[in-house]
Engineer: 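Got a structure for you, questions after.
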Amino acid sequence: MADAVTARTDDYSQWYLDVVREAKLADYSPVRGCMVIRPHGYALWEHMQDALDGMFKETGHENAYFPLFVPQSFLEREAEHVEGFAKEVALVTHSRLVEDEDEGGLVPDPESELGEPLVVRPTSETVIWNKYADWIQSYRDLPLLMNQWANVVRWEMRTRLFLRTTEFLWQEGHTAHATRKEAEEETRRMLEVYRTFAEEYMAMPVFAGVKTESERFPGAVNTYCIEALMQDGRALQAGTSHFLGQNFAKAFDCTFANQDNEEEYVWATSWGVSTRLVGGLIMTHSDDQGLVLPPKLAPTQVVIVPIYFDDDQQTDVMNRADDLLGELEDAGLRAELDARDTQRPGWKFAEHELQGVPVRLGLGPRDLENGTVELARRDQPGDKENVSQGGLADRVRATLEEMQQDLYDRAKAHREERTRTATSYDEFKKAVAEGGFVWAHWDGSEETEARIQEETKATIRLVPLPGETERQPGEDLLTGEPSEGRVLFARAY
RNA sequence: CGGGGCGUGGCGCAGUCCGGCAGCGCGCAUCGUUCGGGACGAUGAGGUCCCCGGUUCAAAUCCGGGCGCCCCGACCA
């Protein structure tokens with residue numbers, strides 16, 4: 001069969017689309033900019049959810065659900081919030097369709113026009129803070145630590161499967177605190193949760209930091225983020241955590257009585273990651289053979305492909321394969337026996353490769369004789385090893401652990417290789433054009449930031465966290481004005 | 001919103017310039033031979049050629065209008 005996947009060096013964008021299609025992760029929908037997440041893609045998302053949800057619970061959060069619809073007036077309460085989201089919300093204005101007498105077909109029933117239009121949530125701060133105002137009266141009600149798994153809609157101009165779709169799935173945490181300090185700590189705590197998840201589960205190294213004002217979440221005092229570097233040298237914002245100050249508390253009049261019975265506004269945070277992470281996962285590890293998944297998130301971690309030539313062999317091989325499957329499952333591995341009699345082994349090899357199953361085991365008549373299994377690791381195409389059937393589960397587990405680590409190490413090496421420090425504007429422009437992260441001095445002004453973006457297409461991805469890296473003062477590459485320290489630039493998705 | 005491309009069996013496309021039986025590859029179905037890296041042969045099923053209108057004996061093809069999608073760019077998680 002011809003190559004199902006375009007080579008990355010030929011056309012990275014097409015490669016990405018090919019992988020999404022061939023790995024059966026998602027498909028286009030009849031509605032522009034929306035996508036259908038197929039079972040394989042959804043299973044991947046579910047494993048991400050499981051890991052994240054566990055981490056949220058461990059840090060004291062509870063899940064809840066707030067509605068899809070937000071009264072338009074809610075959005076208007078917080079000035080910056082409105083400005084940020086007004087240009088990309090979907091509106092519900094009617095509740096009914098009627099037959100059009102002139103043209104035929106259906107039209108909105110004018111009688112059913114809503115008194116106040118509803119916006120489909122682009123994020124839920126407003127509906128949530130409207131309720132928090134009711135629920136919070138005393139310092140005894142704080143902190144309030146909630147999360148919700150939901151869909152949101154942002155009417156983007158240009159979309160890309162997983163990376164930017166009109167509707168997407170995400171998780172949004174919303175917390176309320178009695179003090180500024182506590183809220184800031186929460187913001188940082190959740191940023192660390194995201195960092196841990198990205199690195200330990202996704203095997204995706206990230207830089208953590210603070211956004212500049214121009215990149216800040218509408219309505220936030222500060223936006224923290226993790227940024228990853230994709231294979232093509234473009235950066236991807238993989239998660240954000242916002243310190244909202246008292247902005248939403250003021251907008252929704254959410255106050256509490258402190259221990260001295262003084263009324264104070266509540267301090268807030270919000271934080272989220274989305275199905276965009278699936279896109280990031282693809283662009284971090286996958287290759288020209290298709291999807292490559294880190295074992296911890298792979299829906300199927302190990303697949304057994306039986307090989308046989310006649311009915312007797314089929315019986316023997318399948319019996320042995322069943323036993324081995326049981327052993328793998330008992331060891332807590334997500335294992336699958338590809339028992340389909342309708343496809344041939346070579347076909348199955350190719351398919352599991354496209355779909356990114358981390359470990360493949362081939363079991364044929366020869367293996368029955370020798371007491372072996374052929375083991376292949378997805379991230380080492382072409383390498384195959386005959387291993388003993390005895391202690392197979394332990395061997396597979398060890399291989400999965402190694403692979404998880406190797407994927408991270410490889411991604412990190414790639415990032416190191418493509419992270420440079422620029423000491424002149426020429427050097428900066430060259431580094432940005434080649435792709436990758438570039439550390440450079442910046443004078444802190446929005447004008448300079450905009451000019452650099454204009455001239456190079458690079459944006460400031462983050463300002464490093466205090467104490468995270470040593471910050472040496474210097475001079476802005478473009479203006480020569482004083483800089484407090486280098487910031488991280490890149491062209492971004 | 002600008003630029004480009006595309007709309008023809010499930011998928012990918014040719015055919016459109018120059019009007020004349022709607023084709024090819026993959027996939028699908030049945031049978032046979034096969035089977036340790038996407039097998040081969042035979043037979044077969046499957047189509048409002050995006051929509052509306054016009055020209056013509058005749059339109060996938062020409063003319064007019066509309067719609068949709070994808071890719072690239074500006075804005076965004």
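Computed from a prediction, not measured in an experiment: that's the story for all the values here. Chain identifiers are assigned alphabetically (A, B, ...) following the order of the sequence lines, protein sequences preceding nucleic acid strands; residue numbering begins at 1 within each chain.
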Engineer: Could you tell me how far apart A:Trp149 (CH2) and B:A77 (P) are, to the nearest whole angstrom?
Structural biologist: 19 Å
Engineer: Determine whether any donor atom in the side chain of A:Lys384 lies under 3.5 Å from an acceptor atom in the base of B:G37, or the reverse, and answer yes or no.
Structural biologist: yes
Engineer: For nucleotides 4-6 of chain B, list the nitrogen or oxygen atoms of the protein found under 3.5 Å from its nitrogen or oxygen atoms, one pair per line.
Structural biologist:
none

Engineer: When the P atoms of B:C35 and B:C49 are compared, how many Å lie between them, rounded to an integer?
Structural biologist: 45 Å
Engineer: Tell me which nucleotide, if any, is Watson-Crick or G-U wobble paired with B:U30 when both distances must be under 3.5 Å.
Structural biologist: B:A42
Engineer: Taking A:Trp442 for its side chain and A:Ser445 for its backbone only, find out whether a donor-acceptor pair lies under 3.5 Å.
Structural biologist: yes
Engineer: With rounding to the closest Å, how many angstrom separate the C1' atoms on B:A14 and B:C24?
Structural biologist: 7 Å
Engineer: Distance check, C1' atoms only: B:C70 and B:C13, in whole angstrom units.
Structural biologist: 16 Å
Engineer: Name the closest nucleotide to the A:Leu354 side chain, picking from B:G36, B:C75, B:G38.
Structural biologist: B:G38
Engineer: Choose from B:G38, B:A77, B:G36 the nucleotide whose nearest atom is closest to any side-chain atom of A:Phe309.
Structural biologist: B:G36
Engineer: Could you check which of B:G38, B:G36, B:A77 has an atom nearest any side-chain atom of A:Phe168?
Structural biologist: B:A77
Engineer: Would you mind telling me which of A:Phe428, A:Tyr425, A:Phe207 makes a ring pair (Phe, Tyr, Trp, His ring centres under 6.0 Å) with A:Phe489?
Structural biologist: A:Phe428
Engineer: Examine distances only and state if a side-chain atom of A:Ser241 and a backbone atom of A:Thr187 form a donor-acceptor pair shorter than 3.5 Å.
Structural biologist: yes
Engineer: Using the P atom in both, what is the distance from B:C26 to B:C69, to the nearest Å?
Structural biologist: 32 Å
Engineer: Looking at B:G38, does its base get a donor-acceptor pair with the side chain of A:Glu353 below 3.5 Å?
Structural biologist: no
Engineer: Round to the nearest Å and state the distance from A:Gln453 atom CD to B:G73 atom C1'.
Structural biologist: 13 Å
Engineer: Look through every strand shown and name the nucleotide pairing with B:G2 as Watson-Crick or G-U wobble, where both distances are under 3.5 Å.
Structural biologist: B:C72
Engineer: At under 4.0 Å between heavy atoms, which parts of nucleotides 67-72 of chain B does protein reach? Answer with one letter per nucleotide, 5' to 3': B base, S sugar-phosphate only, - none.
Structural biologist: --SSSS
Engineer: To the nearest angstrom, how far is A:Glu125 atom CD from B:A77 atom P?
Structural biologist: 12 Å
Engineer: Do any N or O atoms from the side chain of A:Glu199 and from the backbone of A:Val206 form a donor-acceptor pair under 3.5 angstrom?
Structural biologist: yes
Engineer: How far, in whole Å, is B:U56 from B:U61 if one measures between their C1' atoms?
Structural biologist: 13 Å
Engineer: With a non-hydrogen cut-off below 4.0 angstrom, is A:Lys87 in contact with a base, only sugar-phosphate, or nothing?
Structural biologist: sugar-phosphate
Engineer: Of all the nucleotides listed (B:G38, B:G37, B:A77), which has the minimum atom distance to the side chain of A:Arg360?
Structural biologist: B:G37
Engineer: Sub-3.5 Å donor-acceptor pair from the side chain of A:Ser124 to the main-chain atoms of A:Val127, do we have one?
Structural biologist: no
Engineer: Between A:Pro365 and A:Gln343, which has a closest nucleotide on RNA chain B that is more 5'?
Structural biologist: A:Gln343
Engineer: Provide, to the nearest angstrom, the distance between the CG atom belonging to A:Leu368 and the C1' atom belonging to B:G36.
Structural biologist: 12 Å
Engineer: Can any side-chain N or O of A:Gln313 pair as donor or acceptor with the backbone N or O of A:Phe309 at less than 3.5 Å?
Structural biologist: yes
Engineer: What is the separation between atom CD on A:Glu351 and atom P on B:G27, rounded to the nearest whole Å?
Structural biologist: 14 Å
Engineer: Can you name the side chain to side chain contact (heavy atoms under 4.5 Å, CB included) partners of A:Ala176, sequence neighbours left out?
Structural biologist: A:Trp129, A:Tyr132, A:Ile136, A:Leu142, A:Leu144, A:Val266
Engineer: Check every strand shown and say whether A:Asp367 touches a base, only sugar-phosphate, or nothing at a heavy-atom separation below 4.0 Å.
Structural biologist: base
Engineer: If pairing requires Watson-Crick or G-U wobble contacts with both distances under 3.5 Å, which nucleotide is the partner of B:U56?
Structural biologist: none
Engineer: Provide the distance between the two C1' atoms, one in B:A42 and one in B:G5, to the nearest whole Å.
Structural biologist: 40 Å
Engineer: Using a 4.0 Å heavy-atom cut-off, does A:Thr165 contact any base of the nucleic acid, only the sugar-phosphate backbone, or nothing at all?
Structural biologist: base
Engineer: Would you say the side-chain atoms of A:His285 pair up with the backbone N or O of A:Ala203, donor to acceptor, closer than 3.5 Å?
Structural biologist: yes
Engineer: Provide the distance between the two C1' atoms, one in B:C50 and one in B:G3, to the nearest whole Å.
Structural biologist: 23 Å
Engineer: Decide, yes or no, whether a salt bridge links A:Arg395 with A:Glu385 under the criterion of side-chain N to carboxylate O below 4.0 Å.
Structural biologist: yes
Engineer: For A:Trp15, is there any backbone N or O sitting under 3.5 Å from a side-chain donor or acceptor partner on A:Arg8?
Structural biologist: no
Engineer: Whole angstrom is fine here: how far is it from CD in A:Gln314 over to C1' in B:G36?
Structural biologist: 16 Å
Engineer: Would you mind reading off the distance between A:Leu191 atom CG and B:A77 atom P, rounded to a whole angstrom?
Structural biologist: 16 Å
Engineer: Could you tell me which nucleotide pairs with B:G23 by Watson-Crick or G-U wobble geometry, both distances under 3.5 Å, or answer none if nothing does?
Structural biologist: B:C13
Engineer: Using the side-chain heavy atoms of A:Lys457, tell me which of these nucleotides is nearest: B:A74, B:A77, B:G37.
Structural biologist: B:A74
Engineer: Pick the C1' atom in B:G7 and in B:G15, then give their distance to the nearest Å.
Structural biologist: 15 Å
Engineer: Is it true that a side-chain atom of A:Glu156 and a backbone atom of A:Arg158 form a donor plus acceptor pair closer than 3.5 Å?
Structural biologist: no
Engineer: Taking for each residue the nucleotide of RNA chain B with the nearest heavy atom, is it A:Ile307 or A:Trp170 whose nucleotide lies nearer the 5' end?
Structural biologist: A:Ile307
Engineer: Across all strands shown, which nucleotide pairs with B:G47 by Watson-Crick or G-U wobble geometry, both distances under 3.5 Å?
Structural biologist: none
Engineer: With a 4.0 Å cut-off on N to O distance, would you call A:Arg366 and A:Glu374 a salt bridge?
Structural biologist: no
Engineer: Between B:C26 atom P and A:Arg21 atom CZ, what is the distance in whole Å?
Structural biologist: 17 Å
